Amino acid sequence: MDAPDASTPSGIRDRAMLHLAFAAGMRVSELVGLRLDQIDRQTMSSVHIMGKGRRERVLPLWKETAAAVKAWLKARPVSGAPELFCNARAQAMTRSGFEYILSKHVATAARRAPSIAGKGVSPHVLRHTCAMHTLQATRDVRKVSLWLGHASLQSTEVYLRADPTEKLEALAAMTPPMLSPGRFRAPDKLLAMLSAARRKPNYAE
């Protein structure tokens with residue numbers, strides 16, 4: 001997050017993109033397709049994301065993320081493109097453009113923290129990291145699913161495989177709190193009805 005040079009317009013842009021990609025767990029397509037009108041520019045408190053299958057979600061912005069996006073809005077050059085992020089030609093940022101930006105800043109960060117070099121940081125790794133942080137904070141896989149904009153919990157369960165402890169705690173959090181384990185005992189009336197039904201002749205045979 002600190003690798004981009006905040007004294008240059010491109011560095012301010014890159015910092016805002018990295019913050020949004022991580023804090024909101026955004027897909028690359030969601031990030032580069034994000035429009036100016038999808039950001040609450042008055043309060044800078046939330047972002048409106050249009051995800052896969054036209055599924056929408058509104059997420060709150062961390063203070064650091066809001067500050068980074070606000071700084072970019074001030075530095076953003078005049079452009080006819082409706083997208084929030086644009087390249088050096090004042091055109092909409094592309095997927096490959098963000099991937100290049102990320103790899104450049106990963107290399108910069110690796111010089112300060114060599115362990116990063118072996119991590120294989122990609123746009124999806126930022127999204128995965130967001131998912132794991134959200135799971136650790138909430139212990140609720142359903143909230144992770146909503147945050148990432150998944151169509152079903154099955155798509156989210158992949159994150160539970162990362163740590164058995166997280167998996168057990170997340171699954172335990174999904175148990176209805178008012179239910180206690182026990183054995184089902186059918187009432188006498190139900191047993192009598194089933195027995196009577198079994199004794200009736202089957203004329204269809």
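In what follows, every heavy atom counts, from backbone to side chain, and hydrogens, waters and symmetry copies are set aside. Note that the structure is a prediction, hence the values are computed from the model and not measured.
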task: State plainly whether one hydrophobic cluster holds both Leu31 and Trp62, where clusters connect Ile, Leu, Val, Met, Phe, Trp and Tyr through side-chain heavy atoms under 4.5 angstrom apart.
output: yes
Side-chain donor or acceptor of Arg55 paired with backbone N/O of Met50 under 3.5 Å: no
- prompt: Under the 3.5 angstrom rule, does the side chain of Thr138 hit a backbone N or O of Thr134 as a donor-acceptor pair?
  reply: yes
Connected via hydrophobic side-chain network under 4.5 Å: Met1 and Met44: yes
- prompt: With hydrophobic residues grouped by side-chain heavy-atom distances under 4.5 Å, do Ile39 and Leu36 end up in a single group?
  reply: yes
query: Which residue pairs pass the salt bridge (charged side-chain N to carboxylate O under 4.0 Å, His left out) test when at least one of the two sits in residues 34-53, sequence neighbours left out?
result: Arg35-Asp37
task: For residues 74-92, pull every pair meeting salt bridge (charged side-chain N to carboxylate O under 4.0 Å, His left out), keeping only residues two or more places apart or in separate chains.
output: none
- prompt: Where the side chain of Thr65 meets the backbone of Leu20, is there a donor-acceptor pair that is under 3.5 Å apart?
  reply: no
- prompt: Of the non-hydrogen atoms in Trp72 and Pro9, which two are nearest, and what is the gap between them?
  reply: CZ3-O, 3.6 Å
field: For Val106, all residues meeting side-chain contact (heavy atoms from CB on, under 4.5 Å), sequence neighbours excluded
entry: Leu102, Ile116, Val121
query: Between CG of Asn87 and OG of Ser79, what distance do you get to the nearest 0.5 Å?
result: 8.5 Å
message: Rounded at 0.5 Å granularity, tell me how far CZ in Arg127 sits from OG1 in Thr129.
response: 11.5 Å
- request: Kindly compute the distance separating OG1 (Thr108) from NZ (Lys104), expressed to the nearest 0.5 Å.
  value: 7.5 Å
query: Asp14 versus Phe98: any side-chain heavy-atom pair under 4.5 Å?
result: no
- prompt: Do other residues, nucleotides or ligands put more than 12 heavy atoms under 6.0 Å from the NZ atom of Lys119?
  reply: no
- prompt: If you round to the nearest 0.5 Å, how far is OG of Ser10 from CD1 of Ile101?
  reply: 8.0 Å
- prompt: How close do Ala16 and Ala68 get, heavy atom to heavy atom, and via which atoms?
  reply: CB-O, 3.5 Å
statement: Residues Pro123 and Val28: closest non-hydrogen pair is CB-CG2, 3.1 Å
- prompt: How close do Gly120 and Val125 get, heavy atom to heavy atom, and via which atoms?
  reply: O-CG2, 3.6 Å
field: Parallel, tilted or perpendicular, as decided by the 30° and 60° cut-offs, for the rings of His133 and Phe22
entry: perpendicular
task: Can you sort out the partners of Arg15 under salt bridge (charged side-chain N to carboxylate O under 4.0 Å, His left out), two or more places apart, ordered by chain and number?
output: Asp2
field: Non-neighbouring partners of Ala24 that pass side-chain contact (heavy atoms from CB on, under 4.5 Å), sequence neighbours left out
entry: Met26, Ile49, Leu59
field: Verdict with supporting geometry, His19 and Val69, side-chain contact (heavy atoms from CB on, under 4.5 Å)
entry: CA-CA 8 Å; His19 267 277; Val69 174; 6.0 Å; no
message: On a heavy-atom basis, which atom in Ala3 and which in Ala109 lie closest, and how many Å separate them?
response: CB-N, 4.3 Å
- prompt: In Å, rounded to the nearest 0.5 Å, how long is the span from CD of Glu99 to OG of Ser122?
  reply: 8.5 Å
- prompt: Is Leu73 reachable from Val32 through a run of hydrophobic residues whose side-chain heavy atoms are each under 4.5 Å from the next?
  reply: yes
- prompt: What are the two closest non-hydrogen atoms of Ser46 and Val58, and how far apart are they?
  reply: CB-CG1, 4.0 Å
field: Ser45 and Pro60, any side-chain heavy atoms less than 4.5 Å apart
entry: no
- prompt: When you check the side-chain N and O atoms of Glu56 and His48, is any donor under 3.5 Å from an acceptor?
  reply: yes
message: Filter on salt bridge (charged side-chain N to carboxylate O under 4.0 Å, His left out), then keep only pairs touching residues 23-32, sequence neighbours left out; what's left?
response: Arg27-Glu30, Glu30-Arg57
field: Side-chain heavy atoms of Pro4 within contact of His105, under 4.5 Å
entry: yes
